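What follows is a short report on a single structure.
Keep in mind the model is a prediction, meaning the values are calculated, not measured.
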Protein chains: 2
Amino acid sequence: MEGDAVPKTGRPTSKDVAHAAGVSQSTVSIVLAGKAAGRISDATAQAVRQAADRLGYRPNLAARSLRLGQTRTVLLVVPTLSSLFFGAIYTGAARAAAEHGFGVVVYPWPDVSGPARSPFAAAHEAIDGILASSMAVGVLDGLDPLPRVMLDSDPRGEAPTVNFDVAEGMRAVAAHLAALGHRRIGHLAAAVDAWTFRERAGVLSAAVRGRPGAGLVREFTEIEIGAAREAAGRLLDRPDRPTALVCDDDLVAAGACKAARALGLDVPGDVSVTGFDDMLLAKAVEPELTTVRLPAEELGARGMAALLELLDGRRPASVSLPGELVVRASTAAPRRP
Amino acid sequence: MEGDAVPKTGRPTSKDVAHAAGVSQSTVSIVLAGKAAGRISDATAQAVRQAADRLGYRPNLAARSLRLGQTRTVLLVVPTLSSLFFGAIYTGAARAAAEHGFGVVVYPWPDVSGPARSPFAAAHEAIDGILASSMAVGVLDGLDPLPRVMLDSDPRGEAPTVNFDVAEGMRAVAAHLAALGHRRIGHLAAAVDAWTFRERAGVLSAAVRGRPGAGLVREFTEIEIGAAREAAGRLLDRPDRPTALVCDDDLVAAGACKAARALGLDVPGDVSVTGFDDMLLAKAVEPELTTVRLPAEELGARGMAALLELLDGRRPASVSLPGELVVRASTAAPRRP
DNA sequence: CTGAAAGCGCTTACAG
DNA sequence: CTGAAAGCGCTTACAG
């Protein structure tokens with residue numbers, strides 16, 4: 001505690017630790033990197049660790065990055081953070097990254113209300129790889145050739161993908177409704193040009209087309225409560241009113257329920273409604289929503305694992321996570337099938 | 001386009017640009033930092049910028065950070081990202097930061113489902129300052145003495161704060177309910193040890209105490225739909241059932257509505273319910289919630305502005321953002337006042 | 001108006 | 001088993 005060289009400028013450096021422990025900077029570096037085994041005597045290693053502790057030493061990451069040519073940080077690009085869904089993806093990704101000593105920087109882009117510049121003009125562009133989720137087609141084209149894994153995206157692209165099996169989820173919705181006896185189906189489709197929504201529309205169309213006597217009408221809507229309500233109203237106003245409304249998102253389903261109620265229609269008595277995602281909202285509204293559970297946190301974690309493999313020089317397999325149908329109170333047999 | 005020295009290892013450096021433009025590295029640095037005025041001839045500056053463009057040069061941030069001793073990155077610590085509220089704070093903070101060339105790294109902490117380690121053990125700890133929101137008391141104690149601004153936190157701490165005026169918001173709720181004729185008030189209080197909730201409880205107690213003939217009962221609940229529903233059930237089961245339920249969060253209010261419905265009680269006919277936050281949920285449920293609008297995105301932006309001031313050596317003033325009462329359909333006069 | 005040099009703090013061959 | 005040295009890419013005095 002006596003004559004330790006107190007570093008002049010705030011934080012102690014490895015040089016300070018070396019001085020305090022009476023060894024060289026190289027020794028400090030080797031010990032603190034956990035590479036002492038068979039190279040540094042136990043006594044010396046002990047001394048280094050104690051000195052580091054005492055001084056409160058933490059390595060300067062900028063220097064390490066510069067030397068190593070890598071930052072141990074990856075960028076997560078999501079369309080917005082105004083959705084629990086992407087918050088969950090981040091949480092999963094950050095957890096998986098932390099297990100490997102990596103950090104995650106999120107960038108909502110392109111986000112109307114978010115940062116205006118591209119992720120790569122931002123100050124924190126010191127990055128080893130990119131995880132991008134649910135991007136509209138072409139949004140990421142022509143950008144950095146950094147190692148990249150795509151989440152919830154068209155698997156036919158060049159980058160490895162980690163997806164939900166939305167096709168299976170949508171088929172389960174169609175089968176559930178068919179079993180209940182619904183024949184006139186309305187689809188409240190998200191007006192978002194992304195793989196997942198095209199996939200859902202295609203599967204639902206095919207499923208209904210495959211059933212004799214069944215018909216499908218479709219309206220597009222922003223994923224927003226007011227817009228969803230209006231779109232649902234248009235569907236519900238039709239002379240051949242659908243007995244079931246399949247929605248691309250729980251929020252859209254909430255809007256659909258509001259539209260039904262405004263027309264004096266009971267859910268699920270007069271019209272059944274299904275959602276997609278199974279985030280918090282599905283159980284907050286009344287009736288609670290029949291929906292497809294998409295494990296967003298796991299998607300983030302698996303995506304990060306794949307990216308870490310990629311950074312490690314391996315080629316990760318593309319994976320598809322099952323989406324599970326959760327039947328709650330918003331679906332029932334139609335009154336007059 | 002002819003004999004440009006193609007950099008060996010991927011990315012071009014300022015040295016490559018210097019060589020391509022036929023100048024020194026210093027000149028490149030000065031020009032690209034925008035400090036050429038009166039120091040470098042226009043022709044030279046032109047040549048540098050063209051060479052940089054052509055090579056696709058982008059400065060290595062690790063090297064810049066090392067040299068400058070600062071990273072132009074700040075850390076945003078929030079309790080969780082499983083809440084739209086904190087997503088909005090991030091969005092606002094990131095926007096304000098980007099305007100000044102700063103990046104923001106979010107860290108949900110302590111978050112059960114999030115990264116396990118403290119923000120300062122994480123890989124991305126290369127940071128100039130900290131913005132922390134809605135932390136439980138003492139959570140940030142004993143950490144880095146980095147410049148810090150607290151959001152939605154006790155203003156009596158050492159760090160500058162940027163807050164909502166929750167006291168005023170809660171007073172508006174109490175006045176609204178009083179004007180409607182409610183006398184028996186139930187408070188569904190968040191079981192979270194944070195400044196904002198203690199403030200709300202204190203203000204509501206005082207407001208009710210100040211009205212002759214009025215009474216207050218309080219139950220604590222996690223901010224979670226199932227827990228809120230149970231807590232609301234306990235309040236609604238009392239012989240002197242409250243005619244109005246004041247909730248610390250819209251999600252809690254949604255749970256309260258469910259509890260009422262389960263008991264055959266109409267909202268707002270038999271019991272009025274108010275929320276707090278006015279995030280998406282408030283308009284997704286039925287009836288739509290009377291609530292206090294808390295401008296979370298603005299909180300993030302103002303907080304970042306304050307932190308940037310602090311990093312600039314100035315001492316920002318603490319600010320308090322008004323929370324506005326939004327009257328919707330979940331409150332009405334009690335049937336038997 | 002421009003260049004040569006130092007140095008930020010780290011890690012990793014290379015000597016010994 | 002340990003140390004001296006080089007070098008990652010940048011910015012900023014300092015010369016000229």
- Message: Is any side-chain heavy atom of Y57(B) closer than 4.5 Å to one of L32(B)?
- Response: yes
- Between dT2(D), dA6(D), dG9(D), which nucleotide gets closest to the side-chain atoms of R39(A)? dT2(D)
- Query: Does the pair D128(A) and T71(A) meet the rule for a side-chain hydrogen bond (donor to acceptor under 3.5 Å, both in side chains), with working shown?
  - Reply: CA-CA 6 Å; D128(A) 290 339; T71(A) 59; 3.2 Å; yes
- Message: On the nucleotide dT11(D), are OP1 or OP2 found under 4.0 Å from the side-chain N or O atoms that K35(B) carries?
- Response: no
- Query: Will you find, in the side chains of S24(A) and T27(A), an N or O donor that is under 3.5 Å from an N or O acceptor?
  - Reply: yes
- Task: Give one of base, sugar-phosphate or nothing for T44(A), where a contact means two heavy atoms less than 4.0 Å apart.
- Result: sugar-phosphate
- Query: Does any residue of residues 21-28 of chain B have a heavy atom under 4.0 Å from DNA chain C, and if so, which ones, in number order?
  - Reply: V23(B), S24(B), S26(B), T27(B)
- Query: Between atom CG in L55(A) and atom C1' in dG9(C), what is the gap in whole Å?
  - Reply: 15 Å
- Task: Go through E158(A) and R148(A) one step at a time and tell me if the salt bridge (charged side-chain N to carboxylate O under 4.0 Å, His left out) criterion holds.
- Result: CA-CA 9 Å; E158(A) 284 177 31; R148(A) 181 180 306 180; over 6 Å; no
- Query: To the nearest Å, how far apart are Y57(B) OH and dG9(D) C1'?
  - Reply: 7 Å
- Message: Among dT2(C), dG9(D), dC10(C), which nucleotide has an atom closest to any side-chain atom of A63(B)?
- Response: dG9(D)
- Item | Euclidean distance, atom CG of residue D16(A) to atom C1' of dC8(C) [Å, nearest integer] | 13 Å
- Give one of base, sugar-phosphate or nothing for S29(B), where a contact means two heavy atoms less than 4.0 Å apart. base
- Task: For R64(A) and Q70(A), indicate whether the former's side chain and the latter's backbone hold a donor-acceptor pair under 3.5 Å.
- Result: no
- Message: If I take atom CD1 in residue I40(B) and atom P in nucleotide dG3(C), what distance separates them, rounded to the nearest angstrom?
- Response: 8 Å
- Query: P59(B) has a side chain; which of dC10(D), dT2(C), dC10(C) sits nearest to it?
  - Reply: dC10(D)
- Task: Measure from CG on L66(A) to P on dC10(D) and round the result to the nearest Å.
- Result: 9 Å
- Rounded to whole angstrom units, what separation is found between the CZ atom of R72(A) and the P atom of dT11(C)? 12 Å
- Integer-rounded Å distance: dC8(D) P and L68(B) CG: 20 Å
- Between the CD1 atom in I130(A) and the CE atom in M150(A), the distance rounded to the nearest 0.5 Å is 9.5 Å
- Message: Heavy atoms from C-beta onward define the side chain here; which of dG9(D), dT12(C), dT11(D) lies closest to that of R64(B)?
- Response: dT11(D)
- Query: Taking atom CG of L299(B) and atom CG of L294(B), what is their separation to the nearest 0.5 Å?
  - Reply: 8.0 Å
- Query: Applying a 3.5 Å limit to both distances, which nucleotide forms a Watson-Crick or G-U wobble pair with dT2(C)?
  - Reply: dA15(D)
- Query: Within this structure, what is the CD-to-P distance between Q70(B) and dC10(D), rounded to whole angstrom?
  - Reply: 16 Å
